[in-house]
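First comes the structure, then the notes that go with it.
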Amino acid sequence: MSSPFWSDIVARLDPYVPGEQPKLANLTKLNTNENPYGPSPRVLEAIAGELGDSLRLYPDPSGTLLRQAVADYYGVDLAQVFLGNGSDEVLAHIFQALLKHEEPVLFPDITYSFYPVYCGLYQVNYQRIPLGSDYRIQVADYLCSNGGIIFPNPNAPTGILLSLPEIEWLLKKNQRSVLIVDEAYIDFGGETAVSLVGRYPNLLVTQTLSKSRSLAGLRIGFAIGDVALIEALERVKNSFNSYPLSRLAIVGGAAAFADEDYFREVCEQVVRSRETLASGLKSLGFEVLPSSANFLLATCPSRDAVELAARLREKGIIVRHFRQPRIEQFLRITIGTTEQNRRLLDVLVELLKQ
Ligand SMILES: *Cc1c(COP(=O)(O)O)cnc(C)c1O
């Protein structure tokens, strides 16, 4: 479909397609990397406490309560923290504010598929840098002239983690443009690059409360970096939407950072389940990439991936498949509860017999 009323940009957009959110009950939903466990009870209490007459008032435009909670948690200044309506919104502002230059922004050939979409929206030049044959990001491949570098760490959808020394090496070698490290999955076994922010004014780290803090439905993301980078994001935000976070998101997000015990327990459980599921899949003949995230990217040498995803769906289990070179024979499987992972393995045993 198209229309003469559309702008040229809209006519040429190739929008991101999110994993489906089916309405059917009783599905084993392992397709969008949500946390299988609910948010901390303290988050629910904080949100309940905010429900009332105050909702007639706009929220704090800079979300100071949550911003301060993030700053305290990571030991940085308030002015080094930027909040957005999900980290997708934070990333959108980053592409517009910091990555739109003459030289192309660099990102891996296999990575978060929203990056090229933002490039289309904001008309940013980009260049894809192939992962190694082991599906790893090779930081030495990013030293060509560029208008910025962005990748998730751990990468998505591979789940493979870069070490902090590798990131610091790249920062030392690439001081003329910004490096964005998208840490959507860092809490499942990685080490955050926030500790490098004070020493590298071109480093910006983004995170989300959607995965490790079980709040995908509340829409909260943030960035931590040098004050000049944060100021650029504030300028875009205040030219777009002054109130990206609702009152409920601000108090709920702050409460999530106050319940460290719950957070750790949930992350540890997901990591344990990941290792159990990875061994289970390997024992069924799957090849599984080494994941530091809350999902696995795996391929079954004896079955076509699209076919296998369809068979799983018939059994009520949904996983994600990407129609993309190099990974078209892989499935991305979100770590579920112990019962969900068990059910996936049981169903696979059955399917692989046929
Ligand atoms: C899930 C995800 C995001 C977006 O998270 P939201 O905060 O829910 O918008 C960003 N980057 C990567 C790599 C992700 O997987």
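Owing to the predicted nature of the structure, the values given are computational and were not obtained by experimental measurement.
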Does [X] use its side chain to pair, donor to acceptor, with the backbone of [Y] at less than 3.5 Å?
X      : Y      : answer
Ser242 : Asn238 : no
Arg128 : Leu106 : no
Lys282 : Glu287 : no
Arg136 : Leu131 : no
Asp141 : Val139 : no
Asp77  : Ala79  : no
Thr334 : Leu30  : yes
Asn35  : Lys211 : yes
Glu50  : Ile47  : no
Glu183 : Ala193 : yes

Measure the [atom1]-[atom2] distance between [X] and [Y] for me, rounded to the nearest 0.5 Å.
X      : Y      : atom1 : atom2 : result
Arg332 : Asn31  : CZ    : CG    : 7.5 Å
Arg303 : Phe286 : CZ    : CZ    : 9.5 Å
Leu13  : Ser7   : CG    : OG    : 7.0 Å
Leu65  : Asp60  : CG    : CG    : 8.5 Å
Ile167 : Lys172 : CD1   : NZ    : 13.0 Å
Thr158 : Arg326 : OG1   : CZ    : 10.5 Å

In terms of side-chain geometry, is the basic nitrogen of [X] or [Y] positioned less than 4.0 Å from the acidic oxygen of its partner?
X      : Y      : result
Glu307 : Arg311 : yes
Arg342 : Glu339 : no
Asp53  : Arg56  : yes

Report, as yes or no, whether the 6.0 Å neighbourhood of atom [atom1] on [X] holds more than 12 heavy atoms from other residues, nucleotides or ligands.
X      : atom1 : value
Asp134 : CG    : yes
Glu102 : CD    : no
Arg272 : CZ    : yes
Glu260 : CD    : yes
Arg176 : CZ    : no
Arg235 : CZ    : no

Are [X] and [Y] joined in one hydrophobic group, where the rule is that I, L, V, M, F, W and Y side chains link up if heavy atoms are under 4.5 Å apart?
X      : Y      : answer
Tyr243 : Leu83  : no
Val236 : Val105 : no
Tyr126 : Tyr118 : yes
Phe295 : Phe322 : no
Phe188 : Phe151 : no

Verdict with supporting geometry, Ser177 and Asn174, side-chain hydrogen bond (donor to acceptor under 3.5 Å, both in side chains): CA-CA 7 Å; Ser177 70; Asn174 184 89; 2.9 Å; yes

Indicate yes or no: at least one non-hydrogen side-chain atom of [X] is less than 4.5 angstrom from one of [Y].
X      : Y      : result
Leu308 : Leu348 : yes
Ile160 : Pro154 : no
Glu328 : Val306 : no
Val288 : Leu297 : no
Leu312 : Leu344 : yes
Lys173 : Glu168 : no
Asp259 : Val43  : no

Heavy-atom closest contact (Thr337 atom, Pro36 atom, distance):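 Taking Thr337 first and Pro36 second, the nearest heavy atoms are N-CB, 3.5 Å.
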
Would you list the atom pairs, donor with acceptor, under 3.5 Å between side chains in residues 86-99 and any protein atom, with sequence neighbours excluded?
from  : atom 1 : to     : atom 2 : distance (Å)
Asp88 : OD1    : Tyr112 : OH     : 2.7
Asp88 : OD2    : Tyr112 : OH     : 3.4
Glu89 : OE1    : Asn85  : N      : 2.9

Ring centroid separation Tyr115 to Phe107 under 6.0 Å: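 That pair passes the under 6.0 Å test.
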
Centroid-centroid under 6.0 Å between Tyr37 and Tyr262 rings: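 So the answer is no for these two rings.
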
Between [X] and [Y]: side-chain donor-acceptor atoms closer than 3.5 Å:
X      : Y      : value
Thr299 : Gln329 : no
Asn33  : Tyr185 : yes
Ser273 : Gln269 : yes
Asn294 : Asp187 : no

Within 45° cone of Phe82 ring axis and under 6.0 Å: Arg67 NZ or CZ: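 No, Arg67 and Phe82 do not form such a contact.
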
Phe263 six-ring centre to Arg213 NZ/CZ under 6.0 Å and within 45° of normal: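 Pair Arg213/Phe263 counts as cation-pi.
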
Residues Ser212, Val266; criterion side chain to side chain contact (heavy atoms under 4.5 Å, CB included); working and verdict: CA-CA 8 Å; Ser212 58; Val266 164; over 6 Å; no

Pair Thr276-Asn341, side-chain hydrogen bond (donor to acceptor under 3.5 Å, both in side chains): steps then yes or no: CA-CA 9 Å; Thr276 308; Asn341 300 335; over 6 Å; no

Ser246: partners by side chain to side chain donor-acceptor pair (under 3.5 Å), with sequence neighbours left out: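 Checked Ser246 against side chain to side chain donor-acceptor pair (under 3.5 Å); zero matches.
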
Chi angles and distances behind the side-chain hydrogen bond (donor to acceptor under 3.5 Å, both in side chains) call for Gln207, Tyr74: CA-CA 12 Å; Gln207 289 194 10; Tyr74 285 104; 2.8 Å; yes

Expected list for residues 218-234: side-chain donor-acceptor pairs under 3.5 angstrom, two or more places apart:
from   : atom 1 : to     : atom 2 : distance (Å)
Arg219 : NH1    : Ser210 : OG     : 3.4
Arg219 : NH1    : Ala216 : O      : 3.3
Asp226 : OD2    : Ala228 : N      : 3.2

Working for side-chain hydrogen bond (donor to acceptor under 3.5 Å, both in side chains), residues Lys29 and Gln21: CA-CA 9 Å; Lys29 190 177 175 307; Gln21 296 289 350; 3.3 Å; yes

